[in-house]
Enquirer: 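For reference, the structure I am asking about is given below.
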Amino acid sequence: MTAKPLDCIVLGAGGGAGSAALFHLARRGARVLGLDRFEPGHDRGSSHGETRIIRRAYFEHPGYVPLLLRAYELWADLEARSGRRLLVETGLLQVGPPDGAVVPGVLRSAREHGLEVEELAAAEIEGRFPGFRAPPGFRGVLERRAGYLLVEECVRAHAAEARRLGAELRAGRAGDAALEWRAEGGGVAVRTGSGEHRAASLVIAPGPWAPALLRGLGLALEVRRKPLLWYRTATPDYRADRGAPAFLFELPEGVFYGFPEIAGGELKVSEHTGGERVEDPLRVDRSLRDSDRAPVERFLARQLPGVTPECLRHAVCMYTMTPDEHFVLGRHPAHARVAFAAGLSGHGFKLTCVLGEALADLALDGATRLPVGFLGPERAGLRGI
Ligand SMILES: Cc1cc2nc3c(=O)[nH]c(=O)nc-3n(C[C@H](O)[C@H](O)[C@H](O)COP(=O)(O)OP(=O)(O)OC[C@H]3O[C@@H](n4cnc5c(N)ncnc54)[C@H](O)[C@@H]3O)c2cc1C
């Protein structure tokens, strides 16, 4: 007896969007195979480092808000299915100039979608949150229902639930990496180091490997090295269990963000802006440089003075940036059976559950009812200047 042919193959099934696509394909009853060079929850791509911020009042574009509302539902569903805690609501304090990108953007999304946020003057911020200092004249917005996701747990939960629903996942060996994919005979073929697989459709969720796996699309993507740093706190003002929120500051020197102290006197902080260009994600420099620490420590000294300059540990992660810093999600313009999500531009993890749902729809039905049209690959400017 010959095995039933596959409905779909997912490349990148050990990463954020790929594990979610694998889960949604399996949830819809598809026969699906996931492939990845690394195991779900690995630290070689873009989905590691313990935590990721999730928020609704999105300063980047109000079009994300309906997707974020769906993301909160899907993370809750995954928590219920897996019995794991994935999302922790600590609130998020965003600080910036009144005419910057962040504060007006948050207020716009909140207004357009009726979301609850609280505005704070610079002087009020320290009174409410004694560990934080805002530059004079800056404004704050507090979104209470925001918080963080436990990033590796989310990826592992998607992969485990997909397997429980019948998906096959081959991950963790060099032979599980796709060497080549092609559309042929109304379906797709994927060649790995250990053989060739055929299916009716293909999902590509390649993270920082997008420039290689989606080369034919000619997208102007830039992969950036992004260090994450953990510092020792000197006061209890940053403890989540004492009401300290996650935070994001838009400052003239850059955008910095971080998380309240969750356990053990450690606070994680990072710079969102900047980052060295990465040519080969497998060879990114994972050491900690003085030039990684300096801007972060200047930020801490000014804005979070109760955090010591004692860096306890670090990790190196990668962003994959598009020219307009919005994701690219859709069907391959030349191959209708191929759907992809790429260029998550340093803010995509919170939405990987929804991207996975949309990818499953695109692969199985050729269309999705989720409002993702504004992220389509046909929009202007994606192929560079
Ligand atoms: C430091 C840092 C902080 C961030 N903070 C936030 C935040 O607070 N909130 C937020 O929402 N987002 C945040 N992001 C962004 C978010 O984490 C990423 O957008 C998201 O994790 C990207 O997921 P992905 O699935 O595209 O990539 P990945 O998770 O890297 O997945 C890609 C997968 O493809 C696999 N792959 C590649 N090539 C092949 C191949 N040939 N064959 C098979 N498999 C292959 C890889 O092994 C990998 O598992 C942050 C990112 C970083 C780096």
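Side chains are part of it too, since the values below use all heavy atoms of this structure and drop only hydrogens, waters and symmetry mates. Numbering of ligands and ligand atoms starts at 1, following listing order.
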Enquirer: Heavy-atom contacts with L35 under 4.0 Å: which atoms of ligand 1 show up? List them by number with element.
Expert: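 Reading through ligand 1 atom by atom, the close ones are 43 (C), 44 (N).
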Enquirer: Looking only at distances, can you tell me whether any N or O atom of S270, backbone or side chain, sits closer than 3.5 Å to an N or O atom of ligand 1?
Expert: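 By distance alone, the answer is no.
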Enquirer: Give me the residue, atom name and distance of the protein heavy atom closest to atom 39 (C) of ligand 1.
Expert: L213 CD1, 3.7 Å
Enquirer: How about Y257 and Q94: does a side-chain donor come under 3.5 Å of a side-chain acceptor?
Expert: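 No - no donor-acceptor pair under 3.5 Å links their side chains.
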Enquirer: Counting only heavy atoms, tell me which of G275, A71, G12 gets closest to atom 44 (N) of ligand 1.
Expert: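 Answer by nearest heavy atom: G12.
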Enquirer: Ignoring hydrogens and angles, state whether a donor on the side chain of K350 or Y58 is under 3.5 Å from an acceptor on the partner side chain.
Expert: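 Side chains of K350 and Y58: pair found under 3.5 Å.
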Enquirer: Identify the heavy atoms of L150 and R85 that sit nearest to each other, and give their distance.
Expert: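 That closest heavy-atom pairing would be CD1-O, 3.4 Å.
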Enquirer: Could you check, using the six-membered ring where one of them is a Trp, whether F327 and Y64 have ring centers closer than 6.0 angstrom?
Expert: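 For F327 and Y64, the ring centres are under 6.0 Å apart.
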Enquirer: Taking the non-hydrogen atoms of H42, is any one of them nearer than 4.0 angstrom to ligand 1?
Expert: yes
Enquirer: Could you check if a side-chain atom of E261 sits within less than 4.5 angstrom of a side-chain atom of E266, using non-hydrogen atoms only?
Expert: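 SC-SC contact between E261 and E266 ruled out.
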Enquirer: Please report the interatomic distance CG(L78) to CD(E73), rounded to the nearest 0.5 Å.
Expert: 13.5 Å
Enquirer: Check each atom of ligand 1 against the heavy atoms of F38 and keep those under 4.0 Å away; list them by number with element.
Expert: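 Close to F38: 47 (O).
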Enquirer: Among protein heavy atoms, which sits nearest to atom 35 (C) of ligand 1, and what does the distance come to when rounded to 0.1 Å?
Expert: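 Going atom by atom, the protein heavy atom closest to atom 35 (C) of ligand 1 ends up being D36 OD2, 3.1 Å.
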Enquirer: Is the distance from the ring center of H61 to that of H326 below 6.0 Å?
Expert: yes
Enquirer: State if Y257 counts as touching ligand 1 under the rule of any non-hydrogen atom under 4.0 Å.
Expert: yes
Enquirer: Determine, considering heavy atoms only, which of G16, P281, P208, S47 sits nearest to atom 20 (C) of ligand 1.
Expert: S47
Enquirer: Checking the N or O distance criterion of under 3.5 Å, is ligand 1 in contact with G348?
Expert: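 In this structure, G348 places an N or O atom under 3.5 Å from an N or O of ligand 1.
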Enquirer: Do me a favour and list the nearest non-hydrogen protein atom to atom 15 (C) of ligand 1 with residue, atom name and distance?
Expert: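 Residue, atom and distance for the closest contact: G346 C, 3.5 Å.
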Enquirer: Starting from atom 26 (O) of ligand 1, locate the nearest protein heavy atom and write down its residue, its atom name and how far away it is, to 0.1 Å.
Expert: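 Closest protein heavy atom to atom 26 (O) of ligand 1: G207 CA, 3.4 Å.
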Enquirer: For the residue pair E79 and R84, what are the closest heavy atoms and their distance?
Expert: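 Smallest heavy-atom distance, with atoms named: CG-O, 3.3 Å.
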Enquirer: Centre-to-centre under 6.0 Å for F247 and F129, is that the case here?
Expert: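 Centroid separation for F247 and F129: 6.0 Å or greater.
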Enquirer: Any atoms of ligand 1 less than 4.0 Å from a non-hydrogen atom of G14? List them with their elements.
Expert: 49 (O)
Enquirer: Which heavy atom of the protein is the closest neighbour of atom 10 (C) of ligand 1, given with residue, atom name and distance?
Expert: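 Checked against all protein heavy atoms, atom 10 (C) of ligand 1 sits closest to K350 NZ, 3.3 Å.
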Enquirer: Using a strict cut-off of 4.0 Å, indicate which atoms of ligand 1 neighbour a heavy atom of L344.
Expert: 19 (O), 22 (C), 23 (O), 26 (O)
Enquirer: State if A205 counts as touching ligand 1 under the rule of any non-hydrogen atom under 4.0 Å.
Expert: yes
Enquirer: Quick one: are S194 and R173 in side-chain contact, heavy atoms under 4.5 Å?
Expert: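 The answer is yes; the side chains approach within 4.5 Å.
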Enquirer: Show the atoms of ligand 1 that are less than 4.0 angstrom away from any heavy atom in P206.
Expert: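 Listed by number with element: 32 (C), 34 (O), 37 (C).
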Enquirer: Give the numbers and elements of all ligand 1 atoms closer than 4.0 Å to a heavy atom of A17.
Expert: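 Selected atoms, number and element: 25 (O).
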Enquirer: Mind checking whether H158 and C353 have side chains closer than 4.5 Å, heavy atoms only?
Expert: yes
Enquirer: Please find the pair of heavy atoms, one from C8 and one from L25, that lie closest to each other, and give the distance.
Expert: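 In terms of heavy atoms, the two residues are closest at SG-CD1, 3.7 Å.
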Enquirer: Considering only the protein, which heavy-atom contact is closest to atom 31 (O) of ligand 1, and what is its distance?
Expert: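 Checked against all protein heavy atoms, atom 31 (O) of ligand 1 sits closest to G15 CA, 3.3 Å.
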Enquirer: Starting from atom 5 (N) of ligand 1, locate the nearest protein heavy atom and write down its residue, its atom name and how far away it is, to 0.1 Å.
Expert: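 That would be R52 CD, 3.3 Å.
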Enquirer: Checking the N or O distance criterion of under 3.5 Å, is ligand 1 in contact with H347?
Expert: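 Yes; at least one N/O pair falls below 3.5 Å.
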Enquirer: Which is closest to atom 41 (N) of ligand 1 by heavy-atom distance: G172, G258, P227, A178?
Expert: A178
Enquirer: Kindly assign one of parallel, tilted or perpendicular to the pair F38 and W209, based on the angle between their ring planes and the thresholds 30° and 60°.
Expert: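 Aromatic pair F38/W209 classed tilted.
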Enquirer: Which residue and atom name correspond to the protein heavy atom nearest atom 8 (O) of ligand 1, and how close is it?
Expert: I53 N, 2.8 Å
Enquirer: Looking only at distances, can you tell me whether any N or O atom of S46, backbone or side chain, sits closer than 3.5 Å to an N or O atom of ligand 1?
Expert: yes
Enquirer: Out of Y319, F259, F349, F327, who gets a non-hydrogen atom closest to atom 16 (C) of ligand 1?
Expert: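 The nearest heavy atom belongs to F349.
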Enquirer: Identify, by atom number and element, the atoms of ligand 1 in contact range of G45, meaning under 4.0 Å from any of its heavy atoms.
Expert: 30 (O)
Enquirer: Just which atoms of ligand 1 are under 4.0 Å from any heavy atom in M318?
Expert: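 Taking each heavy atom of M318 in turn, ligand 1 has 53 (C) under 4.0 Å.
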Enquirer: How close do P208 and V223 get, heavy atom to heavy atom, and via which atoms?
Expert: O-CG2, 3.5 Å
Enquirer: Okay, side chain of R383, backbone of L217: is any donor-acceptor separation there less than 3.5 Å?
Expert: yes
Enquirer: So does E161 pair up with R163, basic N to acidic O under 4.0 Å?
Expert: no
